[in-house]
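Order of appearance sets the numbers: ligands from 1, and atoms from 1 within every ligand. Only this structure's heavy atoms are used, side chains among them; waters, hydrogens and symmetry mates stay out. The chain is numbered in sequence order, starting from 1.
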Amino acid sequence: MLGNFSYCNPTKLYFGEDALDSLSAELPKYGKNVVLIYGGGSIKKNGIYDEVVKLLAAGGKNVAEISGVMPNPTVDKLYEGVEIARKHQADFLLAVGGGSVCDYAKAVSVSVNCEEDPWEKYYVRFEEPSCETLPVGCVLTMVGTGSEMNAGAVITNPHTHQKIGHVFADEKIMPKFAVLNPKYTLTLPHYQMAAGIYDIFNHICEQYFSGEDDNVSDYISEGLMRSVIHASRIANKDPQNYEARSNLMWAATWALNTLVSRGKSTDWMVHMLGQSVGAYTNATHGMTLAAVSLPYYRHILPYGMPKFKRFAVNVWDVDPAGKPDGQIAEEGLAAMESWMKELGLAMHISELGATAEMIEGIADGTLVMKGGYKVLDRDEIVQILKESLA
Ligand code: NZQ
Ligand code: ZN
């Protein structure tokens with residue numbers, strides 16, 4: 001295990017078909033003025049909205065709403081929500097939705113009492129909040145981002161073509177609690193389910209493809225990856241399979257709740273490329289990752305050969321006997337590629353609306369991280385994006 005670290009994850013999880021009952025115990029811990037935050041209306045169609053509103057009323061809460069939080073929430077929507085929360089003198093923010101709604105609630109939480117422009121402070125200068133923040137609770141309806149148990153909040157600025165994630169260092173930005181009822185995810189369209197599955201898988205890859213040390217986090221990651229592959233194959237054929245969907249939900253939370261990054265360096269370049277593609281196309285997050293992954297991993301493979309070989313053998317069951325390292329590693333990526341196609345993931349950014357004319361701009365918006373096997377220069381970013389195009 002590298003370096004010195006502390007580990008504390010303060011989010012309390014409630015899991016299972018009766019998980020929402022926990023709201024009755026959680027709500028009294030917070031003040032009367034609650035802002036209920038949700039997306040474009042899926043929770044009204046599947047009945048989750050009614051269940052939540054009933055519990056808020058039973059708890060005697062004074063409720064205001066921020067509705068219409070879009071996938072890839074924008075900075076303008078953030079400003080709008082901050083005004084609503086201020087006017088309501090909010091004591092508590094309850095996010096009911098996917099990663100976009102949970103991220104957005106955290107962004108409102110750090111902005112309500114912030115006197116500066118939150119975009120500039122948190123997404124340009126990457127500062128920590130210097131004001132009081134509001135507690136956030138999540139009722140999760142879409143699986144993938146891990147936002148329910150982390151301090152990440154991704155906001156898109158369509159005016160500058162930037163999609164930026166800030167992972168706050170302060171644990172108080174993590175949700176106080178999260179309600180994980182796998183049944184809530186059964187109404188997700190297949191496209192969102194598949195995108196979420198790849199998001200989970202890639203979060204693990206981002207933390208796995210780095211370092212050469214013998215690290216317990218990598219063994220946990222291999223187990224999580226095997227579980228995601230197994231459950232995804234069942235869910236892909238039978239989306240209503242509770243066991244598979246519940247396994248995916250639990251794996252998603254552990255894939256990005258700070259556990260498997262402990263004591264190691266991490267990469268995050270697929271996310272940086274994917275987020276920049278998202279800033280230009282507003283495409284679904286998991287699909288942007290899928291579309292850039294193979295060109296990226298094939299590009300860095302020579303710099304991280306031992307790990308790619310281990311990935312092939314331990315995650316994809318490639319038989320290494322009598323094969324050169326390069327062949328073993330490539331067979332691992334080929335197995336991943338065929339699994340991705342099986343799930344129906346986007347394999348090219350052109351499928352998501354990206355064009356050749358956008359490549360330079362997408363490259364400009366790609367933040368370069370330094371924790372992986374190769375620090376990319378601009379020419380390499382452009383090359384990977386071109387290979388991802390079609
Ligand atoms: O808006 P509604 O009508 O609710 O519809 C949503 C939305 O259109 C729909 N949906 C959600 N639950 C549903 C449902 N439809 C039917 N039944 C349900 N139960 O699904 C669509 C996508 O929802 P969204 O919240 O956008 O998806 P996701 O959870 O993938 O979140 C994506 C956002 O999270 C960020 C992404 O960049 C993106 O902005 N991320 C956050 C991270 C974090 N906090 O650590 C890390 C991730 O890497 C990611 O960057
Ligand atoms: Zn992600």
Q) What do you think, any protein heavy atom under 4.0 angstrom from atom 13 (C) of ligand 1? A) yes
Pair Phe201 and Trp339, ring centroids less than 6.0 Å apart: yes
Close N or O approach (Val101, ligand 1; < 3.5 Å): no
message: Ring centres under 6.0 Å, that's the criterion: do His166 and Phe168 meet it?
response: yes
Looking only at protein heavy atoms, what sits closest to atom 32 (C) of ligand 1 is Ser100 OG, 3.5 Å
Numbered in order shown, the ligand 1 atoms found under 4.0 Å of a heavy atom of His271 are 48 (O)
Taking atom types as modelled, find out whether Asp117 and Tyr123 have a side-chain donor-acceptor pair closer than 3.5 angstrom. no
heavy-atom search around atom 37 (O) of ligand 1 in the protein gives Lys163 NZ, 3.0 Å
Does at least one non-hydrogen atom of Leu256 fall below 4.0 angstrom from an atom of ligand 1?
yes
Answer yes or no: is there a donor N or O on one side and an acceptor on the other, between the side chain of Lys163 and the main chain of Met272, under 3.5 Å?
no
The angle formed at the Zn ion (ligand 2) by OD1 of Asp199 and NE2 of His203 is about (to 10 degrees) 80°
| said: Test your reading of the structure: does Ser42 have an N or O sitting under 3.5 Å from an N or O of ligand 1? | reply: yes
Out of curiosity, is Met70 lining ligand 1, as in a heavy atom under 4.0 Å away?
no
If you scan protein heavy atoms around atom 18 (C) of ligand 1, the nearest is Thr187 OG1, 3.5 Å
Quick look: Asn46 vs ligand 1, heavy-atom contacts under 4.0 Å, and the answer is side chain
shortest atom 1 (O) of ligand 1-to-protein heavy-atom contact is with Gly40 N, 2.7 Å
For Ser147, the atoms of ligand 1 under 4.0 Å from one of its heavy atoms are 44 (N)
If you measure only the distance, is there a donor-acceptor pair under 3.5 Å linking the side chains of Glu212 and Tyr373?
no
Note: ligand 1 atoms sitting under 4.0 Å from heavy atoms of Gly39 are 1 (O)
(message) Under 3.5 Å between any N/O of Gly99 and any N/O of ligand 1: does that happen in this structure?
(response) yes
message = Could you walk me through whether Ser67 and Glu65 satisfy the side chain to side chain donor-acceptor pair (under 3.5 Å) test, starting with their C-alpha distance in whole Å, then the side-chain angles of each, then the deciding distance to 0.1 Å, before giving a yes or no?
response = CA-CA 6 Å; Ser67 62; Glu65 293 190 3; 5.3 Å; no
Atom 44 (N) of ligand 1: of Asn202, Leu188, Asp103, the nearest heavy atom sits on Asp103
If we ignore angles and hydrogens, is there a donor and acceptor under 3.5 Å between the side chains of Tyr122 and Glu128? no
ask   = Does any donor atom in the side chain of Asp267 or Ser210 lie under 3.5 Å from an acceptor atom in the other side chain?
value = no
* Check: Gln89/Asn33 side-chain N/O donor and acceptor closer than 3.5 Å -> no
The atoms of ligand 1 lying under 4.0 Å from a heavy atom of Gly152, numbered in the order shown, are 44 (N)
Original post:
Cut-off 3.5 Å, side chains only: do Asn46 and Lys183 have a donor facing an acceptor?
Top reply: no
**Asked** Going by heavy atoms, is Lys45 under 4.0 Å from ligand 1?
**Response** no
min-distance protein heavy atom vs atom 38 (C) of ligand 1 -> Asn72 OD1, 3.5 Å
So for atom CD, which belongs to Glu342, do other residues, nucleotides or ligands contribute more than 12 heavy atoms lying within a distance under 6.0 Å? yes
For NE2 in His271 and NE2 in His285, the angle at the Zn ion (ligand 2) (nearest 10°) is 100°
For Thr141, the atoms of ligand 1 under 4.0 Å from one of its heavy atoms are 11 (C), 12 (N), 13 (C), 18 (C), 19 (N)
I'd like to know whether NZ of Lys386 has more than 12 heavy-atom contacts from other residues, nucleotides or ligands below 6.0 angstrom. no
Under a heavy-atom criterion of less than 4.0 Å, does Gly41 contact ligand 1? yes
What about Phe92 and Tyr30, are their ring centers closer than 6.0 Å? yes
### Task
Please confirm whether Val154 comes within less than 3.5 Å of ligand 1 when only nitrogen or oxygen atoms on both sides are compared.
no
If you compare His285, Met142, Gln275 by their heavy atoms, the one closest to atom 30 (O) of ligand 1 turns out to be Met142
Got a donor-acceptor contact below 3.5 angstrom from the Lys121 side chain to the Pro129 backbone?
no
Taking Phe5's backbone N and O only, do any of them form a donor-acceptor pair with Arg262's side chain (distance below 3.5 Å, no angle check)?
no
Atom 22 (C) of ligand 1: closest protein heavy atom, distance to 0.1 Å, is Gln192 OE1, 3.4 Å
Contact region, Tyr38 to ligand 1, non-hydrogen atoms below 4.0 Å, reads neither
Among non-hydrogen protein atoms, atom 34 (O) of ligand 1 lies closest to Thr145 CG2, 3.4 Å
**OP:** Taking atom types as modelled, find out whether His230 and Asn247 have a side-chain donor-acceptor pair closer than 3.5 angstrom.
**Re:** no
among protein heavy atoms, the one nearest atom 8 (O) of ligand 1 is Pro71 CG, 3.7 Å
